[in-house]
Undergrad: 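Below is one structure. I have some questions about it.
Just so it is clear, the values below take in all heavy atoms, side chains as well, and ignore hydrogens, waters and symmetry mates.
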2 protein chains.
Amino acid sequence: MGFQQNTLKKLSEILGISISTVSRALKDHPDISAKTKERVKELAATLDYEPNNFAVQLRTQQSNVLGILVPTIRNYFYDFFISAVEEEAVKHGYSIMIMQSLDKLSLEISNINVLRRNKILGLFVSISIETEDMTPFRKLQESGIPVVFFDRVAEVSGFRKVCLADEKAAQIAAKSIIEKGKKNVLALFGHPHLSITKLRYASFKNYFDIHARDSKVTYFFPEQVEASREVCLDVFKTEIPDAVFCMGDMILMGVMHAVHEAKLKVPEDISIIGISNGLIPTLYDPKITYVETSGFKLGKLAFKQMYASLKGFNEIEEVILDSVLVEGGSL
Amino acid sequence: MGFQQNTLKKLSEILGISISTVSRALKDHPDISAKTKERVKELAATLDYEPNNFAVQLRTQQSNVLGILVPTIRNYFYDFFISAVEEEAVKHGYSIMIMQSLDKLSLEISNINVLRRNKILGLFVSISIETEDMTPFRKLQESGIPVVFFDRVAEVSGFRKVCLADEKAAQIAAKSIIEKGKKNVLALFGHPHLSITKLRYASFKNYFDIHARDSKVTYFFPEQVEASREVCLDVFKTEIPDAVFCMGDMILMGVMHAVHEAKLKVPEDISIIGISNGLIPTLYDPKITYVETSGFKLGKLAFKQMYASLKGFNEIEEVILDSVLVEGGSL
DNA sequence: GTGAAAGCGCTAACAA
DNA sequence: TTGTTAGCGCTTTCAC
C-alpha cells in the first residue's frame with residue numbers, strides 16, 4: 001500500500017547530516033561522536049528504520065542465508081535435523097532456506113540453482129536417491145560456498161560430511177540380536193542404491209558372518225511401508241523368524257502391520273529391532289527396541305562444521321555421530 | 001575461491017554490445033533481433049551466467065520469496081502443509097523461507113522481522129499459542145505483503161484465512177460416536193487458548209447437547225502425549241468410558257499408551273476416534289478411525305489464496321476446507 | 001568527526 | 001534495433 005520504506009537518505013535529510021554519517025552511526029563506527037550516534041539511533045527507532053537487505057547484499061555480495069537441501073521434510077529425521085540447524089542459525093544471526101529434492105535429480109539440480117541465485121552462504125545437503133554426479137556440489141564449493149553433507153553423503157572425498165555411525169548402528173543391532181540368542185533373522189533394509197543402506201547392510205552382514213556363523217539371516221530391500229509389509233507376510237507363510245531387523249521407520253511400520261495381521265505377539269512369538277530417530281518405535285506396545293540415530297544431534301554437529309567452514313578454520317572432513325541402543329520390550 | 005560471478009557487463013564486453021541489449025536479449029524482449037538474442041543466450045549458457053538476485057531485487061524492490069511461519073515444523077500437519085505450498089511455489093517460480101515460532105511470541109515477532117527484512121512477497125502463518133496482538137501482521141499487510149493465515153488463524157476479521165472445517169470435523173466425530181451408541185464418552189482437547197481447540201470443543205459439545213442429551217461426556221484439555229496418558233489412566237481408575245475422542249495426534253498417542261497399559265482391547269473394551277492428518281492412526285491395530293484434516297490440501301488452498309492476492313484479484317477472506325471420516329476399526 | 005563520491009549489478013525510460 | 005543514462009540503498013575510500 002502507501003507504505004514507504006525508510007532509507008538512510010531520508011534519515012540523513014531529517015537530521016541534516018550526510019548519509020554516510022547516518023550509516024556509520026547506526027553501526028557504532030568509532031569515528032562518530034556519541035551525541036550524533038544517539039540522535040541517529042533515536043530517529044531510526046521512532047521511524048522503524050530497517051536496512052534494505054538487497055542493497056546491503058548487493059554491496060557486500062553476501063547474504064545471511066544458509067541453505068538446506070533434503071529429499072523431503074516429511075520425515076522425522078530431517079525435521080529434527082532442520083530444527084537443530086535452525087536453532088543454531090538463529091542464534092548466530094543466519095536465516096535458513098529449505099528446499100526438497102523429493103528424491104528427484106532434476107529437482108535437486110534446479111533447487112541448487114535457486115539456492116545459488118539466492119547467494120546462500122553455505123549449504124547443508126542430504127542427496128537424493130538418484131544423485132551420482134557430485135559436480136554441482138563441487139562447483140558450489142569452488143565458488144566459495146561451503147557444502148556440508150549429512151545423512152546421505154557423497155561417497156567421494158573432498159567434501160565435508162557429518163554422518164551417523166551407520167556401521168556402528170547396524171552392528172549394535174546385530175550384536176543385540178545375537179546376544180538374545182536369536183538364530184533365525186529377517187533383516188530388512190532400504191533402497192540398495194543409498195550409501196546409508198550399503199553401510200548398514202555391509203556391517204550388519206559382516207557382524208553376523210564373524211560372530212554368528214550358524215545363524216540364518218535372510219535379507220530383503222523393501223523401500224517403503226507397503227513393500228515391507230508384503231515381504232514379511234510372504235516370509236511368514238513359510239516360517240516365523242525369531243527376530244526382524246528394520247533399517248528404518250517406514251520398514252518398521254510395514255513390519256508391524258504384518259505382525260499384527262499374522263497375529264504374532266511381540267516379543268513372545270517374534271522379536272523386533274529397528275534403527276530410528278525415536279518417535280515411531282515408542283508408539284507400539286511393547287515399545288520397540290531401537291538403535292537411536294538422532295537427527296537433532298546431527299543437525300547441531302552439522303552446524304558446527306558449517307560455522308567453522310564459514311569462519312575459515314575447518315580442517316575436518318568427516319565427523320561421525322555415535323549411536324545408542326534404546327531398550328523397548330520388543331527384543 | 002577465485003571464482004568470479006559473470007555479469008551483464010562482462011557478457012556485453014565480450015560480445016561488443018551494450019549491457020542493456022544483453023539484458024533485454026536474455027529476457028526475450030521483442031525489440032531485440034533474433035540473431036542477437038541467439039548470440040547472447042549462447043554465450044550466457046557457456047559462461048554459466050546467472051543473474052545477481054540482489055541487484056535484481058534492489059532494482060525491482062521485490063524478491064521471489066514466500067515466507068511460512070509456523071509454530072514448529074516437527075509436526076506432520078505442518079510438514080504436509082509446507083510440502084504442498086512448496087510444490088506450488090516451485091511451479092510458479094517462487095522460493096520458500098520457513099521460520100518457526102516454537103509457540104513463543106518473542107520468536108514469532110523476531111521472525112516476522114527477519115522475513116520482512118528479506119522482503120518476502122507474502123506470508124503464510126499459523127500463529128503461536130501466545131499470539132494475541134495482530135498488529136505485526138496488519139503492518140505487513142499495510143506494507144503490501146499479503147498474509148494468509150492457516151490452521152491457527154487470527155480471530156479478528158480483515159485477514160485472509162484458510163481453515164479446516166474444525167466445527168465440522170468435531171461434529172463428524174461426535175455424530176459417529178453417537179451413531180455407534182456410545183453413551184459414556186471421554187473427550188480430550190488440546191490447549192484451551194487456541195482457536196482451533198475452542199472451535200472443536202464448542203461444536204463437539206454442542207452436538208452432544210443437541211443430539212444426545214442423555215450421554216455422559218467428560219472433557220479434559222491435556223496438552224501433550226504424557227498429559228493425555230495420565231488423564232486417561234486417572235479416568236480408567238474409576239470407570240472405563242465407552243469411547244475416547246482425541247482432538248489430535250499427540251493426544252491419541254497418549255491415550256493409546258494408557259489403553260495398552262490398562263490392557264483394554266480396542267474396540268471391544270473401548271472405542272477410539274480422533275482428528276488427524278492421517279499417519280499416526282494407521283500405525284495401530286486395528287487402525288484408528290479418524291476425521292481427516294489434510295495439511296496437504298490446506299496448503300494447496302492457501303497457495304491459491306496467496307497467488308490470487310499477489311495477482312491482485314482476491315476477494316475472498318475466508319476459505320474452509322471440508323473434513324472426511326476415515327474408517328479404521330477402532331469405533 | 002563528517003561529507004562527497006564511487007560503485008555493487010541490474011532494469012527501464014529515453015535517445016538515437 | 002540498439003545504446004546511454006539514471007538510479008535502486010547501501011558501504012567504504014578518500015578528502016577535508
Undergrad: Return the nearest nucleotide to the side chain of B:V56; candidates are C:dG9, C:dC10, D:dG9.
TA: C:dC10

Undergrad: Please give, in whole Å, the distance from C:dG9 P to B:E13 CD?
TA: 11 Å

Undergrad: For A:H29 and D:dT13, what is the distance between atoms NE2 and C1' respectively, to the nearest whole Å?
TA: 11 Å

Undergrad: Answer yes or no: is there a donor N or O on one side and an acceptor on the other, between the side chain of B:N6 and the main chain of B:L47, under 3.5 Å?
TA: yes

Undergrad: I want to confirm an ordering. Mapping A:N52 and B:S18 to their closest nucleotides on DNA chain D, which one lands closer to the 5' end?
TA: B:S18

Undergrad: Find the distance A:R39:CZ to C:dT2:C1' and express it as a whole number of Å.
TA: 12 Å

Undergrad: Using the ring of each side chain (for Trp, its six-membered ring), is B:H92 parallel, tilted or perpendicular to B:F303, with breaks at 30° and 60°?
TA: tilted

Undergrad: For the atom pair CD1 (B:I14) and CG (B:L43), what is the distance rounded to the nearest 0.5 Å?
TA: 5.0 Å

Undergrad: Taking only side-chain nitrogens and oxygens of A:S33, does any of them come within less than 4.0 Å of OP1 or OP2 of C:dT2?
TA: yes

Undergrad: Out of D:dC10, D:dG3, D:dT2, which nucleotide sits closest to the side chain of A:L8?
TA: D:dC10

Undergrad: For residues 19-27 of chain A, which residues have at least one heavy atom under 4.0 Å from DNA chain D?
TA: A:I19, A:S20, A:S23, A:R24, A:K27

Undergrad: Relative to the 5' end of DNA chain D, which residue comes earlier, B:I32 or A:N53, by the nucleotide with the nearest heavy atom?
TA: B:I32

Undergrad: Report the distance from atom NZ of B:K119 to atom P of D:dC8, rounded to the nearest whole Å.
TA: 14 Å

Undergrad: Which nucleotide in the set D:dC8, C:dG1, D:dT2 lies at the smallest distance from any side-chain heavy atom of B:L58?
TA: D:dC8

Undergrad: Select one nucleotide: of D:dG3, D:dG9, C:dG9, the one nearest the side-chain heavy atoms of A:A55.
TA: D:dG9

Undergrad: Where the side chain of B:T60 meets the backbone of B:V56, is there a donor-acceptor pair that is under 3.5 Å apart?
TA: yes

Undergrad: What parts of residues 41-51 of chain A reach DNA chain D, counting only heavy atoms under 4.0 Å away?
TA: A:Y49, A:P51

Undergrad: From NZ of B:K9 over to C1' of D:dT5, roughly how many Å is that when rounded to an integer?
TA: 15 Å

Undergrad: What nucleotide, of C:dG3, D:dG9, C:dT2, holds the atom closest to the side chain of A:D31?
TA: C:dT2

Undergrad: Just wondering, do B:V162 and B:F124 contact through their side chains at under 4.5 Å, heavy atoms?
TA: no

Undergrad: With the side chain counted from C-beta on, respond yes when B:E318 and B:F159 share a heavy-atom pair under 4.5 Å apart, and no when they do not.
TA: no

Undergrad: Below 4.0 angstrom, N of the basic side chain to O of the carboxylate: do B:D103 and B:R152 qualify?
TA: yes

Undergrad: Side chain of B:T7: nearest nucleotide among D:dC10, D:dG3, C:dC10?
TA: C:dC10

Undergrad: If only atom types and distance count, is the side chain of A:E317 paired as donor or acceptor with the main-chain N or O of A:G158 below 3.5 Å?
TA: yes

Undergrad: Would a distance-only check, ignoring hydrogens and angles, find a side-chain to backbone donor-acceptor pair under 3.5 Å from A:K37 to A:H29?
TA: yes

